[in-house]
Amino acid sequence: MRVGLTGGIASGKSTVSAILSELGAVVIDGDALAREVVERGTPGLQRVVEAFGSGILTAEGDLDRPALGEIVFADEARRKELESIVHPLVFERIVELEGSADPDALVVHDIPLLAESGRAPTFDAVLVVDVPVETQVQRMLELRGMTREDAEARVRAQATREQRLAIATHVIDNTGTLEDLRRRVLEVHAELVGGAA
């Protein structure tokens, strides 16, 4: 069974992903793959440097994510240009990983921009980790040390809460405690595994 997992920045999607992994799901993490395809020495990083210049590299030759983030989160056209380089490379890796999973496995695709990609209908189920926008902003201020302006820009760069909820087959509310979150993920996992049987 193929499941899409998404949620806005600072919604707690990574925590949900980790819980599903503990429960035995095969988790394919779009964020991790997006980092992998632009690691030092990869063709992906070379293409990003060609598009954005060597100013987006650290002294060691790695991608300077904050420097690139300043460019792409301030300019939608530049963000789309970056996505046009990175997304096809990530998709290739996803196909490889999915192909190597056990046929009976619950395969969870952790995709931050699932609502934006239009790929929700390709999954058997879509899990949306949901919190109010102000909660997202507060978490970025407190946990990531961002300015309110940067945090709000990151939220605006993604689909709206309503757009994400519109693609959900299962909503995972993350406004309570970690224990509340774990309980809800266990419920959803049981439904999915039961539905796959």
Nearest-0.5 Å distance that lies between atom OG in S11 and atom CD1 in I172: 9.5 Å
Out of curiosity, does L23 fall in the hydrophobic cluster containing L127 (side-chain heavy atoms, cut-off under 4.5 Å, transitive links)? yes
Would you say CD of E149 has more than 12 non-hydrogen atoms from neighbouring residues, nucleotides or ligands within 6.0 angstrom? no
Side-chain ion pair, R2 and D124, N-O less than 4.0 Å: no
Can you check side-chain contact (heavy atoms from CB on, under 4.5 Å) on R144 and I9, steps first, answer last? CA-CA 11 Å; R144 301 185 187 185; I9 189 168; 3.3 Å; yes
Grab the two heavy atoms, one from L192 and one from A125, that are nearest each other, plus how far apart they are. CD2-CB, 3.7 Å
Checking F91 against L33 for the side-chain contact (heavy atoms from CB on, under 4.5 Å) test, could you report, in this order, the C-alpha distance in whole Å, the side-chain angles of both residues, the deciding distance, and whether it holds? CA-CA 9 Å; F91 187 70; L33 295 178; over 6 Å; no
Considering residues, nucleotides and ligands other than E76, do more than 12 of their heavy atoms fall under 6.0 Å from its CD? no
Derivation of the side-chain contact (heavy atoms from CB on, under 4.5 Å) call for Q136 and V133: CA-CA 5 Å; Q136 291 177 270; V133 169; 3.8 Å; yes
Tightest non-hydrogen contact, residues E98 and I28, listed as N-CD1, 3.8 Å
Is there side-chain contact between N174 and V16, with at least one heavy-atom pair below 4.5 Å? no
In Å and rounded to the nearest 0.5 Å, what is the CG to CZ distance from L68 to F52? 6.0 Å
Does some side-chain heavy atom of E187 sit less than 4.5 Å from a side-chain heavy atom of H170? no
Side-chain contact, heavy-atom cut-off 4.5 Å: D173 with R184? no
Stacked cation flag R79 on F73, 6.0 angstrom / 45 deg: no
Rounded distance [0.5 Å steps], CD in E36 versus CG in D31: 12.5 Å
Are E116 and E83 close enough, and set up right, to give a side-chain contact (heavy atoms from CB on, under 4.5 Å), and what steps lead you there? CA-CA 11 Å; E116 294 86 334; E83 289 170 359; over 6 Å; no
Do D130 and R164 meet the salt-bridge criterion of a basic N to acidic O distance under 4.0 Å? no
Straight-line distance of K80 NZ to H87 NE2, nearest 0.5 Å: 9.5 Å
Is any side-chain heavy atom of R93 less than 4.5 Å from a side-chain heavy atom of L89? no
Please name the pair of heavy atoms, one in S17 and one in V27, separated by the smallest distance, quoted to 0.1 Å. OG-CG1, 3.1 Å
Roughly how far apart are L178 CG and I19 CD1, rounded to 0.5 Å? 6.0 Å
For salt bridge (charged side-chain N to carboxylate O under 4.0 Å, His left out), just list the numbers for R47 and E50, CA-CA rounded to whole Å, side-chain angles, deciding distance to a tenth of an Å, and then say yes or no. CA-CA 5 Å; R47 290 182 48 205; E50 287 167 7; 5.9 Å; no
Check: V38 and R65 side chains under 4.5 Å, non-hydrogen atoms: yes
Side chains of E81 and S84: is there a donor and an acceptor less than 3.5 Å apart? no
Treat each ILVMFWY residue as a node, draw an edge where side-chain heavy atoms are under 4.5 Å apart, and state whether L114 and L5 are in one component. no
Starting from the C-alpha separation in whole Å, work towards a yes-or-no answer on salt bridge (charged side-chain N to carboxylate O under 4.0 Å, His left out) for D110 and K13. CA-CA 8 Å; D110 181 336; K13 181 179 57 60; 2.5 Å; yes
Between G12 and V129 the two heavy atoms that sit nearest each other are C-CG1, 4.1 Å
Co-membership, hydrophobic cluster, residues L165 and I111, 4.5 Å side-chain: yes
Closest non-hydrogen atoms of V108 and A25, given as atom of the first, atom of the second and distance, are CG2-CB, 3.8 Å
Using side-chain hydrogen bond (donor to acceptor under 3.5 Å, both in side chains) as the criterion, point out the one residue from R156, Q163, Q158 that pairs with T160. Q163
In L57, T58, D64, the residue satisfying side chain to side chain contact (heavy atoms under 4.5 Å, CB included) with E60 is T58
Are any non-hydrogen side-chain atoms of L45 and L63 less than 4.5 angstrom apart? yes
With the 4.5 Å side-chain cut-off for hydrophobic clustering, are V188 and V128 part of the same group? no
Look at E152 together with R148 and state whether they make a salt bridge at an N to O cut-off of under 4.0 Å. yes
Provide the closest heavy-atom pair for V155 versus M140 in the form atom of the first, atom of the second, distance. CG2-CE, 3.6 Å
According to a 4.5 Å side-chain heavy-atom criterion applied to Ile, Leu, Val, Met, Phe, Trp and Tyr, with indirect links allowed, do V26 and I94 form part of one hydrophobic cluster? yes
Working to the nearest 0.5 Å, report the span between CZ of R182 and OG1 of T15. 9.5 Å
Let's go through E39 and T42 carefully: what are the C-alpha distance in whole Å and the side-chain angles of both, what is the deciding distance for side-chain hydrogen bond (donor to acceptor under 3.5 Å, both in side chains) to 0.1 Å, and is it a yes or a no? CA-CA 6 Å; E39 285 176 349; T42 60; over 6 Å; no
